[in-house]
Amino acid sequence: MYREIYPGVYEVDILNASDEDLVKISEEMGLNLSLDEMKVIKEYFKKKGRNPRDIELQALGQAWSEHCCYKSSKYWLKKYLLGFKTDYVISTEYDAGVVEFDEEQAYVVALESHNHPSAVEPYGGAATGIGGILRDVLCMGAQPVALVDPLFFGELSTPYEKLPPGIKHPVYLLEGVVAGIRDYGNRVGIPTVAGMVFFDESYLTNCLVNVGCVGIAKKDRIIPSKAGGEGDIFILAGGATGRDGIHGVTFASAELTDTESTRSAVQLGNPIMKEPLIHACLEIVEKGLLTGMKDLGGGGLSCAVGEMALAAGYGAEVWLDKVHLKEKDMKPWEIWISESQERMLLTVKPKHVDEVLYIFRKWDVPASVIGVVKGEKVLRVYYKDWLIYEMDIEFVTKGPEYCRATAEKREKVEVDEVKEPEDFAKVFLKMMSHPNVASKEWVIRQYDHEVRGNTVLKPLQGRIGFETHGDAAVVKPTESWRGLAITADVNPWMTRIDPFWGTASAFDEMVRNLVAVNSRPHSFVDCLNFGNPEKPERMWEFVESVKALGWMSKEFGLPCVSGNVSFYNETPYGGVAPTPTLMGIGIVEDVRKAVTSNFKKEGSEIVLVGETKREFGGSLYSKVTGMKCNVVPKTDPKVLKNYAEAMLEAFKKFKVLSCHDPAEGGVAVALAEMAICGIGFEVDLSFTELFSESNTRWIVEVKNAENFVNFFEEKGLRARVIGYTGGDKLNYGRFSVELSEVEKAWRSGFSKFLR
Amino acid sequence: MDIRVAVLRIEGTNCEDETVRAFRALGVEAEAVHLKQFYSDMIKDDEVRSVWDYHCLVFPGGFSAGDYVRAGAIFSARVKSVLRKDLEEFIKEGYPVLGICNGFQVLVELGALPGFDEDKPIAEEPQMALAINDSNRFECRPTFLKHENRGKCVFTRKLKKEIVMYPVAHAEGKVVFPRGKEEEYLERLIENDQIVFRYVDPEGNYASYPWNPNGSFYNIAGICNVKGNVFGLMPHPERAFFGWQVGREEEFFDGKYVFESVVDYLRKFY
């Protein structure tokens, strides 16, 4: 079936292949293509009157992977989510969204998953995740200014004997992932300012590592991810190409079956190649020397060249032997699809080639001319003098699209067994020490969240040495006082019970966090982590989630500017909870007016804004007490909008000392987080008000609470004074606990599992 | 005469922008300069520089060359191989040199700190080290520093406050001296007025972790050479330069003193 036609290049006989043979070819070559897809390819080559070469089939395997072409998701994304834009959205068509920041500048934002690599090799997987998202932002011509890392693992207390064979312990994975993010992010000099760490048993065999990045660029210097024009030269810059990361995307587009033998699919990161690569690319952008730029990620050169050419409506010719390699004797197809890190592909007018190469050389970044943009929409690849690849760009790069079957699995009957605890204080301390709530200082301090010197609100806020968690980080990316607020949110306990309302709740929480720091919600990006889409129940979860996102986005008026879908987060032991991670971006008018979450003064009044309902589905209270409830909090985008607007107006009108949103653990936990820096409180709350996790609520520390409350009531919105700050006790009315005891539980609940 | 400052960089230095910004905010000319611009013949004429184009050199924070060996080792080796003579002359003439975080590590590896010998400002071999933090990991956290210099260090002469707050962010910042010579070194440092900053708690008491974030000997956070014109410190004054960087309403914050002092020194120097 395979015949060597040039050294290292094989012709694959598919014209005479039976269905069985086609499946066998797909498997043997690691293409991960279905029989139907192989048949389409057979038809295509029948018309061409020849058999394909291995490099051509490999290219199709990359381009048609779920990871590259979104074949299972794009139908639903187009139907429900995409298409809604506001006038300040500049572009959503490339790897990262571009949104107006002010008159001259735009911010660039992207969020991605790096799940399978991290489950197999946590350190390298997470590090290259950072590298990849930085390139997505850089390729738009933007200076990266902040990194964000939402992480999801199995429970840290999992006994070793309960681990399925070949599965790595959550503590090992967490430590490896954090070290990978730390060593890459810190070295490359971009602050890691926000994120979340969530533990749930469904992530035991398939952890999730999502990485987000925000950058800033001059509007007139935004670089499209497409080839400039006919005759432009392709320059490949950055790290050498090696055998690492071969079949990364096909590996990410199938269920994870074995975490030991797939290590070769994980790339190797090198931040000290990336750091000068960023400088060099930005210098070239600043000097206006390029016409297009794209990063090499999934599918390597194969996808980057194809996508750049297709987006511009051109073809290309590539000389594969010009690519600088890590190791000799790589086969042409390996060079073509390798996912080696730290590489960028540029198109440059011929007259600028020398200057561009000089700039790369100055920064000690290897770069070579590897091809040229052609008018005909065909991609031709040469190796030495041999033409080894010739296919129509559209056929390769567009990829198939599926509308897969769905099957609802929502529980039809409402269950609510939640009742008051016998010992309030005991349950409350259990909540405060739950790893999902407890202090993440152990993680946060390992990331340099201040490099670049522009981090205004840091992830840990309040009295030095006694800090608490903030709601959103704020960075000041330019000379002006305007800032960007950044938050990442999702509560998978809710999405698992009800993917629709769980996703709507994630959106609500994202808006609350942005508003809490006094920023106006401006845009968001999503990273949709789901199980195997070929299973109708998983597909249903996905569709519900996308529906909710689309509804919230359009009704609230917040555009989704970029995103990523990660399917097949599933092993033979089960799939992950539906995890639609959202990263929200808010605009802070003046960074000096950003609001932090810790109580500031003794004797100020505490106001609860919003309405509390009995909604314990997916709540922390339900988790720690084991009392079942499937009533997931609902929300209404219009109501959320009204509250958000009123809050932002109130920040202008009143002296707001601190603000925090209740999420996991409800108002009880939120108040404690505000107090942990050293100021206690006295409030009076009902059981439901204490622990229910209803959406669209904020806790505010304020002077002149009466006027503040009136202001909301006049708008027909709810707000009431619930108590006062002061003392060294957390007095909830129904129960009271010493601040020091709470602080101890909160500070050690997570770190006690770690070294 | 205009004061010109060079913030040196190689691959992996990453605090150059905010360091340049701090100097520029005080109205002096500052630019980030790649080490190659001082010696490599591949650099275009308009980008070629000499040490003598500047009045102050700064080694900024970051992970120069990845710090995969010892922090600062590679950067300092490259400086030694191409700039040693110039740099030695530069220091002897009294021009100031600053090293922040990774830059401090570079100056130590270079032998420019502690810098006991005025006639030989760059020692043959390192005389101290910045070892791995006691916590054995990278830590990014605010620290309080007590200013203990009696006037020798040209980078803190304008500092009127006793306690300042600068954040640290490093994995290797623990000051250690050769075993058995700690007390001897310490005496010399104190006698020569070379100790500049020591870690303290919010009340100003010498305290252990987390206030001393790395386990540094004698809580040392920053020292200068015997002449007072070479200064290295682990904490980042450029991250506490403006009030907004640390949540304060004032326009400037504690970090400004370091930059202001050296600019003031340079203005008087001419």
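Below, read A as the first sequence line, B as the second, and so on, with proteins coming before strands; counting in each chain starts at 1.
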Exercise for the section: Find the distance between CG (B:Asp67) and CZ (A:Arg187) and round it off to the nearest 0.5 Å. Expected result: 6.5 Å

Practice task
Would you indicate whether the side-chain heavy atoms of B:Glu238 and A:Glu450 approach each other to under 4.5 Å?
Solution key: no

Practice task
Find out whether A:Gln446 and B:Cys140 are in side-chain contact, i.e. whether some heavy atom of one side chain is under 4.5 Å from a heavy atom of the other.
Solution key: no

Exercise for the section: Determine whether the side chains of B:Glu47 and A:Tyr358 contain a donor N or O and an acceptor N or O closer than 3.5 Å. Expected result: yes

Problem - Toward chain A: residues of residues 29-43 of chain B with heavy atoms under 4.5 Å - result: B:His34, B:Lys36, B:Met42, B:Ile43

Completion exercise
Minimal heavy-atom distance between A:Val451 and B:Cys15, with the atoms involved, is CG2-SG, 4.1 Å

Handout entry: Any side-chain heavy-atom pair of A:Trp442 and B:Arg137 under 4.5 Å
Key = yes

Practice task
For the residue pair A:Asn454 and B:Arg21, confirm or rule out a side-chain donor-acceptor distance under 3.5 Å.
Solution key: yes

Exercise for the section: Please tell me if the side chains of B:Lys44 and A:Glu355 come closer than 4.5 Å, counting only heavy atoms from C-beta onward. Expected result: yes

Practice task
Count the heavy-atom pairs under 4.5 Å between each of A:His449, A:Arg592, A:Arg452 and chain B, then report the option with the highest count.
Solution key: A:Arg452

Handout entry: Pairwise side-chain contact, B:Arg9 with A:His279, heavy-atom cut-off 4.5 Å (strictly under)
Key = yes

Practice task
Could you have a look at A:Gly465, A:Gly453, A:Ala594, A:Pro271 and say which one has the most heavy-atom pairs with chain B under 4.5 angstrom?
Solution key: A:Gly453

Handout entry: CD/B:Glu250: more than 12 non-hydrogen atoms of other groups inside 6.0 Å
Key = yes

Practice task
Taking all non-hydrogen atoms of both residues into account, name the closest pair between A:Asn186 and B:Asn14 and its distance.
Solution key: O-ND2, 3.2 Å

Exercise for the section: Find the distance between NZ (A:Lys458) and CZ (B:Arg141) and round it off to the nearest 0.5 Å. Expected result: 14.5 Å

Exercise for the section: Go through the atoms of A:Val365 and report whether side chain, backbone, both or neither lie under 4.5 Å from a heavy atom of chain B. Expected result: neither

Practice task
Please look at B:Arg248 and chain A and tell me whether the side chain, the backbone, both or neither of the residue comes under 4.5 angstrom of a heavy atom of that chain.
Solution key: neither

Problem - Note, B:Gln245 side chain near A:Val456 side chain (heavy atom, < 4.5 Å) - result: no

Problem - Heavy-atom side-chain contact between A:Tyr447 and B:Phe138 under 4.5 Å - result: no

Problem - Contacting region of A:Arg361 [heavy-atom separation from chain B under 4.5 Å] - result: both

Handout entry: CD1 on B:Ile10 to CG on A:Asp364, rounded to 0.5 Å
Key = 9.5 Å

Fill in the blank from the handout: Taken to the nearest 0.5 Å, the spacing of B:Phe144 CZ from A:Ile464 CD1 works out to 3.5 Å

Practice task
Identify the residues of residues 165-175 of chain B whose heavy atoms come closer than 4.5 Å to a heavy atom of chain A, ordered by number, or report 'none'.
Solution key: B:Met165, B:Pro167, B:Ala169

Handout entry: Sub-4.5 Å side-chain heavy-atom contact between B:Arg239 and A:Asp448
Key = yes

Practice task
Assess whether atom NZ of A:Lys703 is packed by more than 12 heavy atoms of other residues, nucleotides or ligands within 6.0 Å.
Solution key: yes

